[in-house]
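Report on one structure; see the data block that follows.
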Amino acid sequence: MAETRLSIAGMMCAGCVSSVEEALNSVAGVKKALVNLGERSAIVEGDFDVRELQEAVKKAGFSAQELTSLADEAAKESQELKAYHTLWWRAIVAGVLGFGLFFAMLMGWLPDPVEGRTFWMFISVMTLAVLVFVGGHFFRGAWTALKNRRGNMDSLVAMGTATAWLYSTLIVLFPDAMPSIARHVYFESAIIIISLVSLGAALETRARGKTSEAIKRLIGLQPNTARVIRNGEEMDIPIAEVGLEETLRVRPGEKIPVDGVVIDGQSFVDESMLTGEPMPVEKTKDASVFGGTLNTKGSFLMSATGIGRDTALARIIDLVRKAQSSKPAIGRLVDKIAAVFVPAVLIIASIAFVLWYFLGPEPSLAYAIVVAMTVMVIACPCALGLATPISIMVGVGRAAENGILIRNGEVLQQGSKLTTVVLDKTGTVTEGNPQLTTIKTAPQQDQDEVLAIAASLETGSEHPLALAILNKAKEKQLDFAPANDFSAIPGRGIRASINGQMYSLGNQELMKQQQIDTQAFQAEVEALAEQGATPIFLASENRLIALMGISDPIRSDSKVAIERLHELGIKTVLLTGDNEKTAKAVARTLGIDEVIAEVMPEDKINKIKSLQQQGQIVAMVGDGINDAPALTQADIGIAIGTGADVAVEAADIALMRPSIEGVSKTIGLSVATMKNIRQNLFGAFVYNVIGIPIAAGILYPFFGILLSPIIAATAMSLSSVTVVSNALRLKKARI
């Protein structure tokens, strides 16, 4: 299934988003279309022809360009900058003319419309020129929306300004058709509305640009060139020309161009922009390095293993973009409201016109037209449409800057409701780098011999506990024979034969299954558990021959992260297959609320279900393959990014740093983002709920107050700027 990203030009409000989404989804083969109003882009998935997508968007009244490279992204940014300058030009031209005319009228310098018909006809033509050449895009957008049987912000602005111009021109052409009290023209209002709406759009565009800073910084990480070694010669080439398995040299202070493996040399690499980890990481031979990270001191040679869109950086950028374009449930609800917003405003404007015309004071027609025009101008579908996506963009971008990759905006809404966080132990709250600290042997058993047997059994295993045994054997330079007839017992251990002798290596449950008595080492088992170490038994046939203690140090920041979760009102649960006493010792050290230990991998999912059935909204945090089902079952799955790829793929959130500090930050950010969205929606709704009735003249019978179209245009322009500015506060929110 193909995935294409498009730059969409011409979108102004939620109505535009609905039009583009409908157009894209109408194309044969499209499975999913995510349209981002904040970034003016769309991500489309399916099997389709890109030209058909562009044609569909064009018919809907917008334009679409495919984005496939950094050059395309730069072109998009250049076009947006040009559009920003154009908006300022429109605002200034219309503002000078409109406010100049307004000031002259206020000072009484201009003739009466009847006495100065020639002058006012010139003003009418000038106003029409402003509407066509400065505000023409509003009318084109309104016409396209009308053809597609939709309404948008363009519709309201076009109808409001056109009404002001038409009424004023009719007054000039046919002054006798109206009583003298009604002979007031509104040319200045039409021009000023165009100016203020353009100014608001320019300010919004500038503020919106700040919401995409996280993406821009990620894109900026990738260097433009790479130094490759071909035929024994070093040369600098464009990054796009680097091939797989090419040898590259990375010098001190340079950014690593692509993903790869160190083949010679040693250095320290700053990976903070990808992982949030402030300390440089040592890289020696066979270590993985990632494009966009910064080489600090040494020089090294590397072999390219990931280029183009297959680099970790490119995948992160794609993931962040998808998450920024996705819509939580609250966003989809707002879209439904926004879809009927403009028609509702037009109906209200029509009702207000009729009421003022038949019930209003003289000149009733003039009042009716001004009120209808003001209602259309003050209504702001733009603020409503931006309320959710702009906060999602900032929230997801802030998460990415902290090494937290969120797959979907829905996660932020769900994350704000979490009540329980379930944590795996090994590699999650602990370092995931266990050390063999104790070997207790049965009588007449040699420690090195026992260790060699255990290492033979664990050869080829990548489990952290197995690596602890293998590393100790290698450290002692022990020789060990290959194991045969190997069988793994999930959640318990392994069995295999060495030189014809069958051995069992695993936990107490495995010993019970094999009917092996462990009482001789019970005191040592309890002592290890109290220390937070994991007891591992080794048995020959039906005889226990050794007990090993493996300690996995608790991560230095785990306790702080648990405390922060408690501050957020989150219950913490340690879910592990490890020994119960060991698990409780770790939980006691960290202050974790509940322990569920000695759980088989396949039972972890049932424990998650059990918590959910109790009414808990659960996040599961893990890093191993055996955690993948539980990650999927949980309301939110959070994978430690250094863990198994399958766990990361099964999760809703990937933490690039091997630390659960990202869990508390994610929940804190979710709470802050949803609070921000609610503030935006409240502001947008309250603005329209209060503003539209006032514009319709509800205060006039009581206080004699009637809103000016110019004030309405100012309020409308500032409302969307306020929404974006409020969303930007998320950048400094405590998480």
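Computed from a predicted model, the values in this text were never measured in an experiment. Heads up: numbering here begins at 1 and tracks the sequence.
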In Å, rounded to the nearest 0.5 Å, how long is the span from [atom1] of [X] to [atom2] of [Y]?
X      : Y      : atom1 : atom2 : value
Leu718 : Ser725 : CG    : OG    : 9.5 Å
Ile667 : Leu568 : CD1   : CG    : 6.5 Å
Leu655 : Leu405 : CG    : CG    : 8.5 Å
Leu166 : Leu128 : CG    : CG    : 10.5 Å
Leu196 : Ile191 : CG    : CD1   : 12.0 Å
Met393 : Thr673 : CE    : OG1   : 13.0 Å

With a sphere of 6.0 Å drawn around [atom1] of [X], does it hold more than 12 non-hydrogen atoms of other residues, nucleotides or ligands?
X      : atom1 : result
Ile698 : CD1   : no
Tyr357 : OH    : no
Gln65  : CD    : no

For [X], what residues pass the salt bridge (Lys or Arg N to Asp or Glu O under 4.0 Å) criterion, not counting sequence neighbours?
X      : value
Glu52  : none
Lys76  : Glu80
Asp310 : none

Mark yes or no for whether [X], through its side chain, and [Y], through its backbone, hold a donor-acceptor pair below 3.5 Å.
X      : Y      : result
Asp47  : Gly29  : no
Asp49  : Arg51  : yes
Arg398 : Leu730 : yes
Arg90  : Val134 : yes
Asp635 : Ala619 : no

Sorted by first residue and then second, give each side chain to side chain donor-acceptor pair (under 3.5 Å) pair with at least one member in residues 187-196; sequence neighbours left out.
none

[Y] side chain reached by [X] side chain, heavy atoms, under 4.5 Å:
X      : Y      : result
Val44  : Glu3   : no
Ile570 : Thr419 : no
Met159 : Leu346 : yes
Ile710 : Ile193 : no
Gln612 : Gln633 : yes
Thr161 : Phe138 : no
Thr169 : Phe187 : yes
Ile677 : Met674 : yes

Lys147 and Lys59: CA distance, side-chain angles, deciding distance, side chain to side chain contact (heavy atoms under 4.5 Å, CB included) verdict:
CA-CA 10 Å; Lys147 287 194 297 183; Lys59 286 182 181 178; over 6 Å; no

Using the rule given for side chain to side chain contact (heavy atoms under 4.5 Å, CB included), can you reason through Thr163 versus Tyr186, listing the C-alpha separation, both sets of side-chain angles and the distance that settles it, and then say yes or no?
CA-CA 9 Å; Thr163 300; Tyr186 297 95; over 6 Å; no

Please determine whether side chain to side chain contact (heavy atoms under 4.5 Å, CB included) holds for the pair Ser364 and Phe358, giving the CA-CA distance in whole Å, both sets of side-chain angles, and the decisive distance to 0.1 Å.
CA-CA 7 Å; Ser364 61; Phe358 288 105; over 6 Å; no

Keeping to residues at least two apart or across chains, list the ring-ring contact (aromatic ring centres under 6.0 Å, His included) pairs with something in residues 665-693.
none

Side chains of residues 371-379: which donor-acceptor pairs under 3.5 Å do they make with residues two or more places apart or in other chains?
| unit_1 | atom_1 | unit_2 | atom_2 | d |
| --- | --- | --- | --- | --- |
| Thr374 | OG1 | Val370 | O | 2.7 |

With a 3.5 Å cut-off and no angle check, do the side chains of Asn36 and Ser41 form a donor-acceptor pair?
no

Quick check: closest heavy atoms across [X] and [Y], and the distance to 0.1 Å?
X      : Y      : value
Ala64  : Leu6   : CB-CD1, 4.3 Å
Ala696 : Ala352 : CB-CB, 4.1 Å
Leu131 : Ala190 : CD2-O, 4.3 Å
Met11  : Val20  : SD-CG2, 3.8 Å
Asn676 : Ala727 : OD1-CA, 3.3 Å
Ala202 : Tyr84  : O-CE1, 3.2 Å

So Asn680 and Thr388, side chain to side chain donor-acceptor pair (under 3.5 Å) or not? Walk me through it.
CA-CA 7 Å; Asn680 283 345; Thr388 299; over 6 Å; no

The residue among Val421, Ile636, Leu418 that forms side-chain contact (heavy atoms from CB on, under 4.5 Å) with Val663 is Val421

Centroid-centroid distance, Trp356 to Tyr700, less than 6.0 Å:
yes

Report the C-alpha separation of Ser63 and Val57 in whole Å, then their side-chain angles, then the decisive distance to 0.1 Å, and conclude whether the side chain to side chain contact (heavy atoms under 4.5 Å, CB included) test is met.
CA-CA 6 Å; Ser63 63; Val57 172; 5.8 Å; no

